[in-house]
Protein chains: 2
Amino acid sequence: MRLSTKGRYGVTAMMDLAIHDNAGPVTLADISQCQGISLSYLEQLFAKLRKHKLVEGVRGPGGGYRLSRPADQINVAEIISAVDEKVDVTRCNNQGDCQNGERCLTHDLWSELSERLYTFLSGITLAQFVNRPGIHELAIQRDRINGRFILARRQAEMLNQNRQRIN
Amino acid sequence: MRLSTKGRYGVTAMMDLAIHDNAGPVTLADISQCQGISLSYLEQLFAKLRKHKLVEGVRGPGGGYRLSRPADQINVAEIISAVDEKVDVTRCNNQGDCQNGERCLTHDLWSELSERLYTFLSGITLAQFVNRPGIHELAIQRDRINGRFILARRQAEMLNQNRQRIN
DNA sequence: GCTATTCCGACTAAAATAGTCGGAAATACA
DNA sequence: TGTATTTCCGACTATTTTAGTCGGAATAGC
């Protein structure tokens with residue numbers, strides 16, 4: 001029973017977007033560097049996330065990706081489903097034709113298991129995780145180590161805006 | 001997020017043993033035929049189940065496999081762990097060296113997820129499933145279709161014993 | 001001694017995973 | 001208008017895992 005890196009990368013990356021949510025779009029290059037995931041591979045994953053309307057892409061300089069909904073309305077189950085196709089442990093994709101066209105003896109077990117698994121994962125939202133004590137501070141610290149000044153950059157922008165308003 | 005056939009076959013086969021628990025050892029040939037799993041492959045799986053002390057093999061004619069503990073003391077998590085190696089969704093096998101030797105930002109998420117997943121699967125015992133209404137009857141019916149008279153055979157034996165006692 | 005069964009290890013085909021590559025389209029900014 | 005930055009797209013490839021085969025040895029009942 002395992003989660004492919006696709007699913008793990010997907011959730012990790014979404015978490016990254018959630019953490020930097022109020023600081024403009026996050027580029028895949030940033031995520032790639034920080035999390036040690038190849039850029040091209042991330043692109044593939046984000047294509048799926050976009051198709052499932054979990055993220056929005058912004059092209060051009062200053063662009064990147066942002067969550068298409070607030071972090072408290074995105075759960076782990078949908079992310080994994082989006083990139084990993086399914087959260088299903090039945091043999092027959094829940095069609096009930098597992099054994100010679102009939103449902104096998106254990107079909108109900110797997111079906112129920114899948115459902116409970118999905119429910120379980122649905123209960124975990126991005127926000128829940130991002131709001132854990134210390135996570136935000138840790139993220140900023142990590143960003144600094146990685147030479148990633150997205151939060152600082154955003155602060156500078158806001159300062160600029162304030163200055164212009166004053167003038 | 002998926003369960004390999006290894007895990008699924010493992011649980012299905014164990015379920016089979018549980019259903020026929022009071023009818024002497026079950027041969028892999030029987031399971032192979034009924035569940036449509038190759039015999040050699042089953043042998044591999046049962047080697048693991050045996051190593052993890054979940055089943056006991058009985059060699060020779062009339063032999064087969066039986067559960068090494070009552071069905072209410074065997075849960076799905078251990079079966080899957082035994083044949084599928086692990087129920088773990090972390091990247092680092094829970095070592096905490098996920099990102100350049102340090103624990104990644106999402107390590108705790110995965111770690112906790114794995115734990116909850118395991119706990120969840122631990123809560124489901126073979127007995128729970130076998131004792132569902134109708135399962136036993138369905139199993140006997142299936143056995144009959146498959147020309148598998150293990151339960152009937154056992155009944156015959158008991159009749160014999162009774163007869164001998166009477167004589 | 002024959003047959004049914006587990007037990008064991010090495011081999012293999014097919015599928016999934018994880019990733020690369022090359023380039024096109026959009027857009028901000030100079 | 002050009003250039004740099006970014007997403008977007010599809011085809012290709014290496015590696016790993018899965019699912020399975022094969023041949024034969026050990027054990028035990030009849």
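As the structure is a prediction and not an experimental result, all values here were calculated from the model.
Between A/R8 atom CZ and C/dT17 atom P there is a gap of 12 Å when expressed in whole angstrom units. For B/R66 and C/dT5, the CZ to C1' distance is 14 Å, given to the nearest whole Å. Rounded to whole angstrom, the span from the CZ atom of A/F46 across to the P atom of D/dT6 amounts to 14 Å. If you take OH of A/Y41 and C1' of C/dC21, they are 16 Å apart, rounded to a whole angstrom. Computed from coordinates, the A/K6 NZ to D/dT17 P distance equals 15 Å when rounded to whole Å. Protein atom CD of A/Q44 is 10 Å distant from nucleotide atom C1' of D/dA11, rounded to whole Å. In this structure, CD of B/E56 is placed 17 Å from P of D/dT27, rounded to the nearest angstrom. Atom CD1 in A/I37 sits roughly 12 Å away from atom C1' in C/dG19 (whole-Å rounding).
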Classify every nucleotide of nucleotides 22-30 of chain C by which part a protein heavy atom approaches to under 4.0 Å, writing B for the base, S for the sugar-phosphate alone and - for neither, in 5'-to-3' order. ---BBBB--
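A donor-acceptor pair under 3.5 Å links the side-chain atoms of B/S32 to the main chain of B/I37, judged by distance alone. Side chain of B/Q128 to backbone of B/G123: a donor-acceptor contact under 3.5 angstrom is found. Side-chain atoms of A/E78 do not come within 3.5 Å of backbone N or O of A/H52 as any donor-acceptor pair. Using modelled atom types, one side-chain atom of B/T12 and one backbone atom of B/R8 make a donor-acceptor pair closer than 3.5 Å.
Heavy atoms only, all atoms of each residue included: A/I74 and A/R69 are closest at CD1-O, 3.7 Å.
Among the atoms of the strands shown, only primed sugar atoms or phosphate atoms (P, OP1, OP2) are found under 4.0 Å from some heavy atom of A/Y65.
Contact check, B/R50 against C/dC8: a side-chain N or O comes under 4.0 Å of OP1 or OP2. The phosphate of C/dA18 (OP1 or OP2) has a side-chain N or O of A/T5 nearer than 4.0 angstrom.
No option in A/V76, A/I79, A/N75 other than A/V76 meets the side-chain contact (heavy atoms from CB on, under 4.5 Å) test with A/L121.
Ranking D/dA19, C/dT6, D/dT6 by closeness to the B/L28 side chain, first place goes to C/dT6.
Here B/L54 contributes atom CG and B/Y65 contributes atom OH; the two are 12.5 Å apart, rounded to the nearest 0.5 Å.
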